[in-house]
Amino acid sequence: MPVYQHTVGVVTLALSALAFYLMLTKTPKVSKPFTRYLMLLQFSITLVDLYFGALACPIYLFPAQGAICNGILCTWLGAHVAHSVLFTTACCVYFVTSTFYRISTQNMND
């Protein structure tokens, strides 16, 4: 498996953990209602980083429309890359759009 993907995955997971810590401990009282949406968004970003850094580790074959999967899902479980990427993308798009919808419809005076 490519070392750079694991390195980027570890660095982004460490930064995500730092972001969670800062959101939980350093958020002002006025911004507390907004924190849960930021944490949901950060959680979905962390899932994507975990997916691309360890679970799938896709290597895209440009200019061909294909990829090679070198992650845990493909080597140990034999999952197909296209289905895994499609499912993960759909979940992340759902989380992000639902978060922005909730933010836009929430009354900030509450």
Side-chain angles (χ1 to χ4, degrees):
M1 289 187 232
V3 176
Y4 67 89
Q5 284 182 329
H6 295 300
T7 305
V8 169
V10 168
V11 169
T12 55
L13 285 176
L15 289 174
S16 292
L18 177 66
F20 276 120
Y21 169 75
L22 292 174
M23 279 187 259
L24 288 174
T25 59
K26 304 295 182 184
T27 304
K29 297 280 187 201
V30 177
S31 303
K32 284 293 184 186
F34 188 64
T35 303
R36 61 182 172 164
Y37 299 114
L38 286 176
M39 290 188 69
L40 179 63
L41 184 64
Q42 187 65 38
F43 179 72
S44 64
I45 292 169
T46 304
L47 283 179
V48 170
D49 290 337
L50 180 66
Y51 177 77
F52 282 108
L55 295 179
C57 293
I59 299 174
Y60 297 104
L61 305 172
F62 292 116
Q65 294 179 354
I68 298 172
C69 183
N70 287 328
I72 295 170
L73 288 178
C74 301
T75 56
W76 292 357
L77 301 176
H80 192 269
V81 178
H83 295 256
S84 301
V85 170
L86 187 63
F87 176 73
T88 305
T89 305
C91 289
C92 291
V93 167
Y94 169 75
F95 284 132
V96 170
T97 54
S98 65
T99 299
F100 285 126
Y101 174 74
R102 289 178 187 162
I103 290 171
S104 66
T105 58
Q106 181 180 5
N107 187 358
M108 289 302 192
N109 296 327
D110 290 342

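The first residue of the sequence shown is numbered 1, and numbering continues consecutively from there.
Hydrophobic cluster membership for Leu22: Leu18, Tyr21 (Ile, Leu, Val, Met, Phe, Trp, Tyr linked by side-chain heavy atoms under 4.5 Å, directly or transitively). In the hydrophobic clustering (ILVMFWY side chains linked at under 4.5 Å, chained through shared members), Leu15 is joined by Val11. The hydrophobic cluster of Val10 has no other members, since no ILVMFWY side-chain heavy atom comes under 4.5 Å of it.
Pairs engaging residues 27-39 under the side chain to side chain donor-acceptor pair (under 3.5 Å) rule: none recorded [sequence neighbours left out].
Residues Val8 and Leu50 are members of separate hydrophobic clusters, defined by side-chain heavy-atom contacts under 4.5 angstrom among Ile, Leu, Val, Met, Phe, Trp and Tyr.
Between Ser16 atom OG and Leu13 atom CG the span is 6.0 Å, to the nearest 0.5 Å. Note that CG of Leu40 is 10.0 Å distant from CD1 of Ile45, once rounded to the nearest 0.5 Å.
In this structure, the side chain to side chain contact (heavy atoms under 4.5 Å, CB included) partners of Leu47, at least two apart in sequence or on a different chain, are Phe43. Legend: residues meeting side chain to side chain contact (heavy atoms under 4.5 Å, CB included) with Ala17, ordered by chain and number and at least two apart, are absent. With sequence neighbours excluded, no residue satisfies side-chain hydrogen bond (donor to acceptor under 3.5 Å, both in side chains) with Thr12.
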